[in-house]
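Working notes for the structure below.
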Amino acid sequence: MARIAVIPGDGIGVEVTREAVRVLDTLAARGVPLTHQTFDFGAERYLRTGSAITEDELRGLGAFDAMFLGAIGDPRVPDHAHARAILLGIRFHFDLYINLRPARLIDARLSPLRSADADPIDIVIFRENTEGVYAGLGGRLRRDTPDEIAIEEDINTYRGVERIIRAAFKYAERHGRRRVTLTDKANAMPNAGALWRRVFAEVGAAHPEVAREAVYADALALDLVRRPSRYDVIVAPNLFGDLLSDLAAALVGGLGLAPSANLHPGRPGLFEPVHGSAPDIAGQGVANPLAAILTTALMLDELGFAAEAERVRHAVGTALERGETTPDLGGSLGTEETGARICAALA
Ligand code: NAD
Ligand code: IPM
Ligand code: MN
C-alpha cells in the first residue's frame, strides 16, 4: 500500500489538491493500492498558531512513500516565512536535490508560439534543488537604514553539482534523449560557472551517446521561445531552473499544465504543480487543476504505477482535445468540473 501525505497549502493549492486527491481516490476505488493523509501546513495554521511545520512533523513525513503539495504562499504573510519553512523545509529536510520539471506540448493549440504546429516541444528541466542562492546563507546588516547590506550567497558544491548533472545524464540515457543542455552564467559568475562546466564535461564524457552543450541562461531564455523543439534535457542551477521552468511552462499551455517532482532516489519524493497559490484567482473556483493532476501522474510513475500514470495523462490529453478546460486554456469549466471529467474518464 502506497501512503501519500497530502498538503493542500494555500490559495488555489487547496482547490487543485482537492481534484488531484479525487483522481487518487478514483484510482484507489479501482484497486490501485493508495491511501492518503492530509496535513494542515499553510498560512491559516501559521497565522493562527505561529507554527508553520515542526521538526517532528518534518521527520514524520518520512514515514510516507510520497508527499503531494498544492501550493504555499499567502499575501497575509509578507515575508514568506511559512512558505520557506514548509516548501524549502521539506525540500531541504529530505535533501530532494532533483527538481524535475517536464514541459511537453500536449496539444499544439495550447502554445502561444506560431511554430507549435510544426514542432513538438518536449523538454525536461533538471533543476538543482538544494543549493545556489536558495541555500539561505547570508544576512542583513544595518537593517532599515540607508547603509543596509543584504547578502544572499550562491552556494555551489562539487557534490551538489555532480549529483544533479549525473541525474540529468542518467535520465537522458534511460529515456533515449539526444542532448543535455547545461545553462549557467559562466560569463558573469565565473567561479560557479567553472565548477559546473568542469563537472558537466566530466560526467558527460561518461555518456558519449548523449550530446552536450552549455548555453548562457539569458541566451537560453531567448532561444526557448525562438526554437523550443531544439531542446531536450536541460540541467540548471536552482534559480535559473526556477525561472526557466515558468518560461517553459508558458510555451506548452501555461502554469495550469506544469507538473513537478522533487526527488532524491530512495527517499519519499515531494510532488507539486510548478504554480503557486495564485491569490489573484483564489476562491473563484476557476483554477486549472490539470497541473496538479499531471503531478499525480509523475507521482504514480515514481511509486511504480506506470500504467495508471499513463491513464491519467491520457485522460488529460482527451480533456484538452475536447476543450474541456478552465478559462486559462480557453475553456469554460470550473476547477471542480474539470477534475470531475478526468475522474469520470478514469472510472
Ligand atoms: P503563481 O504561480 O501563483 O501565479 C502566476 C500567474 O499564473 C497568476 O496570474 C495565476 O493566476 C496564474 N496561475 C497559476 N496557477 C494557475 C492555475 N492552476 N490555473 C490558472 N491560472 C494559474 O505565482 P505568483 O503569483 O508569483 O505567486 C503567488 C504565491 O505563490 C506567492 O506567495 C509565491 O511565493 C507562491 N508560490 C508558491 C509555489 C509553491 O508552493 N510551489 C510556487 C510558486 C509560487
Ligand atoms: C517554485 C516556487 C518556489 C521556488 C518559491 C515559492 C520559493 O517558485 O517551486 O518554483 O522558488 O522554488
Ligand atoms: Mn517557481
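All values below come from the heavy atoms of this structure, side chains included, with hydrogens, waters and symmetry mates left out. In this text, all values refer to a predicted model and were calculated from it rather than measured experimentally.
- Side-chain atoms of His275 and Asn288 form no donor-acceptor pair, as typed in the model, at a separation below 3.5 Å.
- A donor atom on one side chain and an acceptor atom on the other are found under 3.5 Å apart for Asn262 and Glu272.
- Transitive grouping of hydrophobic side chains (ILVMFWY, heavy atoms separated by less than 4.5 Å) keeps Phe240 and Ile155 in distinct clusters.
- Ion pairing between a basic and an acidic side chain is recognised when a charged N comes within 4.0 Å of a carboxylate O; Asp232 and Arg179 show no such pairing.
- When the shell of 6.0 Å around CD of Glu202 is examined, it contains more than 12 heavy atoms from other residues, nucleotides or ligands.
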### Task
Apply salt bridge (Lys or Arg N to Asp or Glu O under 4.0 Å) to the pair Arg226 and Asp223, showing each step before the final yes or no.
CA-CA 5 Å; Arg226 209 163 57 107; Asp223 214 31; 3.1 Å; yes
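- Between Arg76 and Ala43, the shortest heavy-atom distance links the atoms NH2-CB, 4.4 Å.
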For residues 159-169, dump all side-chain donor-acceptor pairs below 3.5 Å to protein atoms at least two apart in sequence or in another chain.
residue, atom, partner, partner atom, Å
Glu162, OE2, Arg166, NE, 2.9
Glu162, OE2, Arg166, NH2, 2.5
Arg163, NH1, Asp95, OD2, 2.7
Arg163, NH2, Asp95, OD1, 2.8
Arg163, NH2, Asp95, OD2, 3.4
Arg163, NH2, Thr130, OG1, 3.2

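- Using a 4.0 Å cut-off between a side-chain N of Lys or Arg and a carboxylate O of Asp or Glu, Glu173 and Lys170 do not qualify as a salt bridge.
- Annotation: salt bridge (charged side-chain N to carboxylate O under 4.0 Å, His left out) contacts of Glu153 (sequence neighbours excluded): none.
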### Task
Applying salt bridge (Lys or Arg N to Asp or Glu O under 4.0 Å), run through Arg311 and Glu308 and close with a yes or a no.
CA-CA 5 Å; Arg311 290 188 59 224; Glu308 285 74 17; 5.9 Å; no
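- Between Arg177 and Val124 there is a side-chain heavy-atom pair separated by less than 4.5 Å.
- For the pair Val16/Thr295, no side-chain contact is recorded, criterion being any heavy-atom separation below 4.5 Å from C-beta on.
- Shown here are the ring-ring contact (aromatic ring centres under 6.0 Å, His included) partners of Tyr171, two or more places apart in sequence or in another chain: Phe126, His175.
- A donor-acceptor contact closer than 3.5 angstrom is absent between the side chains of Ser245 and Arg127.
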### Task
List the steps and the verdict of side-chain hydrogen bond (donor to acceptor under 3.5 Å, both in side chains) for Asp74 and His82.
CA-CA 9 Å; Asp74 189 301; His82 79 298; over 6 Å; no
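- Side-chain atoms of Arg178 never come within 3.5 Å of backbone atoms of Ala172 as a donor-acceptor pair (strictly under, hydrogens ignored).
- The backbone N or O of Gly285 sits less than 3.5 Å from a side-chain atom of Thr335, completing a donor-acceptor pair.
- The pair Asp40-Arg45 meets the salt-bridge criterion, with a side-chain N (NZ, NE, NH1 or NH2) lying under 4.0 Å from an Asp/Glu carboxylate O.
- Heavy atoms only, all atoms of each residue included: Leu105 and Ser111 are closest at CD1-CB, 3.8 Å.
- Taking all atoms of both residues into account, the shortest heavy-atom contact from Ile53 to Ala85 is CG2-O, 3.5 Å.
- Scanning for ring-ring contact (aromatic ring centres under 6.0 Å, His included) contacts around Tyr134 gives an empty result, with sequence neighbours left out.
- Inspection of the Thr145 and Asp147 side chains reveals no N or O donor paired with an N or O acceptor under 3.5 Å.
- Remark: the backbone N or O of Glu131 is paired with a side-chain donor or acceptor of Glu128 at under 3.5 angstrom.
- Looking at residues two or more places apart in sequence or on another chain, you find a salt bridge (charged side-chain N to carboxylate O under 4.0 Å, His left out) between Glu337 and Arg341.
- Classification of Asp301 and Arg313 as a salt-bridged pair holds, one side-chain N sitting under 4.0 Å from a carboxylate O.
- In this model, no donor atom of one side chain and acceptor atom of the other lie less than 3.5 Å apart for Glu324 and Thr338.
- Under a 4.5 Å side-chain heavy-atom criterion applied to ILVMFWY residues, the cluster that includes Ile12 comprises Ile281, Val286 as well.
- Among all heavy-atom pairs drawn from Leu255 and Val274, the shortest one is CD2-CG1, 3.9 Å.
- Counting all heavy atoms, side chain and backbone alike, Ile72 lies closest to Ala83 at CG2-CA, 3.4 Å.
- Put simply, the side chain of Asn156 never gets that close to the backbone of Ala192: no donor and acceptor are under 3.5 Å apart.
- If you run ring pair (Phe, Tyr, Trp, His ring centres under 6.0 Å) between His264 and each of Phe92, Tyr97, Phe94, only Tyr97 comes through.
- Of all heavy-atom pairs spanning Arg84 and Asp79, the tightest one is NH1-O, 2.8 Å.
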### Task
Report the C-alpha separation of Phe39 and Phe64 in whole Å, then their side-chain angles, then the decisive distance to 0.1 Å, and conclude whether the ring-ring contact (aromatic ring centres under 6.0 Å, His included) test is met.
CA-CA 12 Å; Phe39 292 85; Phe64 290 82; 5.6 Å; yes
